[in-house]
Asker: 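Have a look at this one.
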Amino acid sequence: MFDPALLREDPAGVETRLRSRGIDPSTELAELTRLDAERRRLIPIVETLKRESNEASAQVAIARREGRDPTPLFQANKERAQRIKEHEAELDAIEARRQALLLTLPNLPHQSVPVGASSADNVEVRRWGTPRTFDFAPKPHWEIGGALGILDFERAARMSGARFSVLSGAGARLARALINFMLDVHTTEHGYREVEPPFLVNTAALTGTGNLPKFEQDLFRIAGDWDLYLIPTAEVPLTNLHREEILDGRQLPLKYTAYTPCFRSEAGSYGADVRGLIRQHQFDKVELVKITTAEQSYDELESLVRNAESILERLGLPYRTVVLCTGDMGFAAAKTYDIEVWLPSGNSYREISSCSNTEAFQARRAQIRYKPAGGGRNQFAHTLNGSGLAVGRTLIAILENYQQADGSVIIPEALRPYMGGLERIA
RNA sequence: GGAGAGAUGGCCGAGCGGUCGAAGGCGGCGGUCUUGAAAACCGCAGUACCGGAAACGGUACCGGGGGUUCGAAUCCCUCUCUCUCCGCCA
């Protein structure tokens with residue numbers, strides 16, 4: 001959630017920034033303002049009563065110690081206790097409603113984010129590599145993989161349904177090679193700590209990252225008497241690694257990377273990307289997460305994007321990087337860069353990584369704070385996340401960009417050590 | 001799945017229902033001493049919210065929630081988690 005204090009200090013600014021996302025928050029903001037006033041009216045009332053109650057109880061103790069009969073003091077206290085109870089019930093209801101509202105509002109876009117309504121308004125900031133020109137008609141990856149016998153949707157559908165796939169042989173090896181390659185680069189060259197987190201997480205964790213309460217329909221929930229969901233991304237467990245902790249500011253930034261499978265229901269995207277590996281219910285991803293300070297977080301976002309881009313450069317895959325406009329950003333993000341890889345089959349760039357600074361949005365939900373290195377009040381950390389990269393889509397990009405006229409696929413050199421020296425899938 | 005034990009401040013660990021936000025120890029910070037350091041000694045030190053420009057004042061927090069009571073870290077109920085033993089299992 002954004003800082004609720006902002007709503008008191010600059011309500012118009014908050015509304016403008018939320019509106020730039022293409023939503024109308026006016027009723028929510030009006031209610032929040034009303035609840036805030038109510039809350040601050042009630043708190044002093046309750047606290048004064050409690051103070052009186054505490055003082056009165058102390059009088060009982062004194063009376064008893066001095067051998068006097070304390071029973072005359074009881075009645076007034078009893079009545080006061082009743083009033084406290086009533087006011088507290090009212091306050092609790094207000095606080096619960098306020099929290100619920102705050103959890104449903106998206107983050108405030110950063111000033112540097114271009115204002116826009118849709119992906120058409122995203123702004124390209126970089127482009128690397130030159131798309132290859134083919135002297136034959138390049139095929140889509142599902143045809144290439146099918147012909148090579150390394151990618152199978154039919155058998156996956158029989159056991160799991162649509163949007164699942166089976167990789168086998170060199171295809172499975174390629175996925176594993178990509179995972180290992182990415183993890184090795186990020187851990188040994190970019191300074192991330194490798195983590196193997198749980199793949200099932202609870203409601204609190206998903207609320208921390210912003211997936212809940214609003215987007216439950218995107219998640220797979222475990223049946224039975226469990227409060228568990230399959231993770232939609234390693235961002236969830238990695239960001240929650242330090243939930244409810246107060247970190248030492250001198251140790252920031254913390255940088256984590258993890259390979260995990262990711263599970264998404266893809267509800268509402270029935271018509272989109274039905275063919276191939278692009279949009280699956282289960283996919284592999286190597287994720288990058290940073291926990292840092294307000295001062296550093298935008299520099300850390302730039303370096304995180306560069307860390308992800310370097311994977312594509314080492315694999316020789318052309319890409320471009322865009323900054324998402326206000327209307328295209330995810331719920332938790334204050335600023336997002338998407339990295340898009342070139343896919344010959346679609347003759348277009350396609351998202352392969354999304355790197356966001358959520359500022360304190362997730363930290364406030366997950367209670368991740370730090371003691372500033374220079375002293376002073378505890379601060380909410382800034383959390384960042386990015387794909388580094390989506391393994392399935394990287395595999396697609398390799399199949400399509402490195403396909404040969406005879407149907408074989410050349411393995412990029414950087415991956416060959418991870419493929420037992422294999423140079424070509426044929 | 002069965003049986004039992006526990007959850008207190010950064011950590012360890014006390015705590016008869018009434019000056020307990022909580023003894024003591026360790027760790028941390030500041031100081032005295034020292035050429036410097038260590039040791040010793042003295043002092044400061046939790047989090048959130050409300051009010052306040054601030055100093056500061058107030059309230060809450062002893063795993064979560066509820067109850068008993070004038071008053072709960074202490075009593076009762078419940079949930080969660082951790083540990084031990086048995087069974088099962090990669």
Asker: Quick one: look up who B:C41 pairs with, Watson-Crick or G-U, both distances under 3.5 Å, and put none if it's unpaired.
Answerer: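 By the stated definition (distances under 3.5 Å), B:G31 pairs with B:C41.
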
Asker: Verify the contact: side-chain N or O of A:N378 to OP1 or OP2 of B:U47, cut-off strictly under 4.0 Å; return yes or no.
Answerer: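 So the side chain of A:N378 is within the cut-off, an N or O lying under 4.0 Å from OP1 or OP2 of B:U47.
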
Asker: Counting only side-chain N and O atoms of A:R80, is one of them less than 4.0 Å from OP1 or OP2 of B:C70?
Answerer: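 So the side-chain polar atoms of A:R80 never come under 4.0 Å of the phosphate oxygens OP1 or OP2 of B:C70.
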
Asker: Salt-bridge test for A:R34 and A:E38: reply yes if a basic N is under 4.0 Å from a carboxylate O, no otherwise.
Answerer: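 A salt bridge is absent here (no side-chain N lies under 4.0 Å from a carboxylate O).
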
Asker: Please determine, for B:A23, whether a Watson-Crick or G-U wobble partner exists with both distances under 3.5 Å, and give it or none.
Answerer: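 Across any shown strand, B:A23 pairs with none.
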
Asker: Say you draw a straight line from CG of A:L29 to CG of A:L101; how long is it, rounded to the nearest 0.5 Å?
Answerer: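 CG of A:L101 is found 9.0 Å from CG of A:L29.
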
Asker: Taking the side chain of A:R51 as heavy atoms from C-beta outward, which of B:C70, B:G58, B:C50 is closest to it?
Answerer: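 Comparing B:C70, B:G58, B:C50 against the side chain of A:R51, the answer is B:G58.
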
Asker: Using the P atom as the point on both nucleotides, what is the distance between B:U47 and B:G10, in whole Å?
Answerer: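 Straight-line distance between the two P atoms is 8 Å.
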
Asker: Among B:C70, B:U47, B:C49, which nucleotide sits nearest the side chain of A:I43?
Answerer: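 Of the options given, the side chain of A:I43 lies nearest B:C49.
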
Asker: Quick check: closest heavy atoms across A:E400 and A:H141, and the distance to 0.1 Å?
Answerer: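 Smallest heavy-atom distance, with atoms named: OE2-N, 2.8 Å.
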
Asker: Taking the nucleotide of RNA chain B with the nearest heavy atom to each, does A:Q367 or A:A81 sit closer to the 5' end?
Answerer: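 By nearest-heavy-atom nucleotide position, the 5'-most residue is A:Q367.
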
Asker: In the strands shown, is B:A48 matched to any nucleotide by a Watson-Crick or G-U wobble pair with both distances under 3.5 Å, and which?
Answerer: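 Paired with B:A48, as far as the under-3.5 Å criterion goes, is B:U59.
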
Asker: Provide the distance between the two P atoms, one in B:A60 and one in B:C42, to the nearest whole Å.
Answerer: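 These two P atoms come out 33 Å apart once rounded.
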
Asker: Pick the closest RNA chain B nucleotide for A:K371 and for A:E55 by heavy atoms, then say which residue is nearer the 5' end.
Answerer: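 Looking at RNA chain B, the more 5' nearest nucleotide goes with A:K371.
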
Asker: Check whether any side-chain N or O of A:N54 sits under 4.0 Å from OP1 or OP2 of B:U59, and answer yes or no.
Answerer: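 Yes.
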
Asker: Between B:A90 and B:G6, how many Å separate the two P atoms, rounded to a whole number?
Answerer: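 The same atom, P, in both gives a distance of 34 Å.
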
Asker: Does the pair A:E47/A:K50 count as a salt bridge with the N-to-O cut at 4.0 Å?
Answerer: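 Salt bridge flag = no for A:K50 with A:E47.
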
